[in-house]
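Here's the structure, in structure tokens; my notes come after.
What you see is a predicted model; the values in this text were computed from it and never measured. Count residues from 1 along the sequence.
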Amino acid sequence: MKTIVIDAGHGGFRSGAAGSYSLEKNVTLQVALKLGKKLEETFPHIKIVQTRKTDVDVDWYRRAEIANDLKADLFISIHCNSMPDDRVLVGKDKKGKPIYKYVKNKTTKGTETFVGAYRRINEMDAGIRENEEILKDKDYKKKGAYDPTDPEELIMLSLYKSLYRTKSLDLAQKIQKNYTEVNKRGNRGVKEQGLLILQRAAMPSVLTEIGFISNPDEEDYINSASGQEEIVNAIVDAIKQYKKEVEN
């Protein structure tokens, strides 16, 4: 293992999810920078590259492109989760029609880690917030969306299915295990989704949701020095375990 690329989700005008007092783009950058420093200390022989080190927007396709150009061995994207507001029935109007109000969902919590799935972006995948921001870009298809009719894409798909998928799932499972068994965090599992940013990465890659910024307790946790240290240690330990397996 020679190179690891760390991607702090969002940035610049793409702020990501918002909590009661913090923004996803800032939390992910803090964690990504701390993760990079810890990895450099743990693996001094491995090159650690950040897709961004400041509050700037890096286009979604460029993030994976950085890793591809470097022929990186791992791509790890850091994100914060959030929940949309709940629609609550509060009564009916004079004509008997239901009246709803929207209440913030502050209870959903836990961690989850995604692995890319090479397929067309279907309705389920497009509903994931990480894709929604990309799909707002009218030119996203020109910037590298997966085209199953492209021979080069078919080669990448074949490689992914035979090698990257298994290793990505292995790393994701190790990250989740450390989050939940060591740090006692809620476990929402490892999931395969057609996330555009992961579809372009030609190496084992994961997108890890470190907590729900919409949950007050988790927002405090992911913003705290102790919480960020636990998150970083969980990912570093997972890479240690992963590295030991793949190099033996």
Side-chain angles (χ1 to χ4, degrees), residues 1-9 28 31-51 63-79 81 110-119 130 155-211 222 227-248:
M1 190 178 294
K2 297 179 180 180
T3 306
I4 298 174
V5 172
I6 302 168
D7 173 49
T28 60
V31 172
L33 293 177
K34 289 180 179 179
L35 175 60
K37 184 178 180 181
K38 183 73 172 180
L39 286 171
E40 287 172 345
E41 294 170 354
T42 307
F43 306 111
H45 62 289
I46 295 179
K47 183 178 182 179
I48 307 300
V49 178
Q50 302 278 358
T51 59
R63 296 171 190 255
E65 191 175 67
I66 290 169
N68 292 341
D69 289 346
L70 291 168
K71 295 181 171 58
D73 299 285
L74 286 178
F75 177 81
I76 300 171
S77 190
I78 310 295
H79 287 257
N81 231 329
T111 60
E112 58 189 341
T113 301
F114 289 96
V115 169
Y118 274 72
R119 57 175 179 262
E130 308 306 344
I155 293 171
M156 184 177 287
L157 173 58
S158 177
L159 283 170
Y160 186 87
K161 283 185 174 180
S162 64
L163 179 63
Y164 305 145
R165 177 181 176 273
T166 299
K167 291 185 176 181
S168 297
L169 284 169
D170 183 38
L171 177 60
Q173 288 160 359
K174 285 175 168 53
I175 291 173
Q176 281 300 123
K177 185 174 182 179
N178 288 340
Y179 282 155
T180 59
E181 293 186 10
V182 178
N183 297 348
K184 307 303 180 185
R185 306 284 309 285
N187 188 2
R188 293 173 60 86
V190 172
K191 300 172 183 177
E192 294 186 73
Q193 294 287 0
L195 296 175
L196 288 165
I197 190 170
L198 296 182
Q199 285 188 342
R200 305 307 305 160
M203 74 283 301
S205 54
V206 299
L207 185 153
T208 185
E209 302 275 6
I210 62 175
I222 62 178
Q228 291 182 0
E229 183 179 8
E230 285 189 355
I231 292 164
V232 165
N233 286 339
I235 297 172
V236 171
D237 287 345
I239 293 172
K240 282 182 186 177
Q241 297 154 4
Y242 170 88
K243 182 175 181 293
K244 185 177 179 179
E245 285 187 4
V246 297
E247 293 185 351
N248 285 343

The test is side chain to side chain contact (heavy atoms under 4.5 Å, CB included); show your working for N233 and E230 and say whether it passes. CA-CA 5 Å; N233 286 339; E230 285 189 355; 5.8 Å; no
Who pairs with A234 by side chain to side chain contact (heavy atoms under 4.5 Å, CB included), at least two apart in sequence or on another chain? N178, Y179, N183
Under the rule for side chain to side chain donor-acceptor pair (under 3.5 Å), what residues qualify as partners of D170, not counting sequence neighbours? K174
Could you tell me whether the side chain of T113 and the main chain of V190 form a donor-acceptor pair under 3.5 Å? no
Test of understanding: with side chain to side chain donor-acceptor pair (under 3.5 Å), list the residues that count as partners of K191, not counting sequence neighbours. E112
Who pairs with N187 by side chain to side chain donor-acceptor pair (under 3.5 Å), at least two apart in sequence or on another chain? Q176
Smallest heavy-atom separation, P204 atom then S168 atom, equals CA-OG, 3.3 Å
Rounded to the nearest 0.5 Å, what separation is found between the OG1 atom of T28 and the CG atom of D7? 8.0 Å
Tell me, please, which residues at least two apart from E181 pass salt bridge (charged side-chain N to carboxylate O under 4.0 Å, His left out). none
Residue K243 excluded, over 12 heavy atoms near NZ under 6.0 Å: yes
What salt bridge (Lys or Arg N to Asp or Glu O under 4.0 Å) pairs are there with at least one residue in residues 67-76, not counting sequence neighbours? R62-D69
Answer whether the closest heavy-atom distance between the side chains of T111 and T180 falls below 4.5 Å. yes
For residues 33-46, which side-chain donor-acceptor pairs fall under 3.5 Å, sequence neighbours excluded?
residue: K34; atom: NZ; partner: Q228; partner atom: OE1; Å: 2.6
residue: T42; atom: OG1; partner: K38; partner atom: O; Å: 2.7

K47: salt bridge (charged side-chain N to carboxylate O under 4.0 Å, His left out) partners, not counting sequence neighbours: none
Partner residues of K167 under the side chain to side chain donor-acceptor pair (under 3.5 Å) criterion, sequence neighbours left out: none
Taking all non-hydrogen atoms of both residues, which atom of A202 and which atom of N68 are closest, and how far apart? N-OD1, 2.9 Å
Roughly how far, to the nearest 0.5 Å, is the CG atom of L74 from the CD1 atom of I6? 10.0 Å
For M203 versus F75, what's the shortest heavy-atom pair and its separation? SD-CB, 3.8 Å
Give the minimum heavy-atom separation between V5 and A72, together with the two atoms involved. CG2-CB, 3.7 Å
With side chain to side chain contact (heavy atoms under 4.5 Å, CB included) as the criterion, how do L198 and Q193 come out once you've worked through the C-alpha distance, each side chain's angles and the decisive distance to 0.1 Å? CA-CA 9 Å; L198 296 182; Q193 294 287 0; over 6 Å; no
Nearest-0.5 Å distance, CD1 of residue I231 to CD1 of residue I210: 4.0 Å
If you measure from CD1 on I4 to CG on L70, what distance do you get to the nearest 0.5 Å? 12.5 Å
Does Q50 use its side chain to pair, donor to acceptor, with the backbone of A8 at less than 3.5 Å? no
Across all chains, not counting sequence neighbours, the side chain to side chain contact (heavy atoms under 4.5 Å, CB included) partners of A64 are R200, A201
Rounded to the nearest 0.5 Å, how far does CD1 of I78 lie from CD1 of I235? 4.0 Å
Please examine the side chains of H79 and F114, heavy atoms only from C-beta on, and report whether any two atoms are closer than 4.5 Å. no
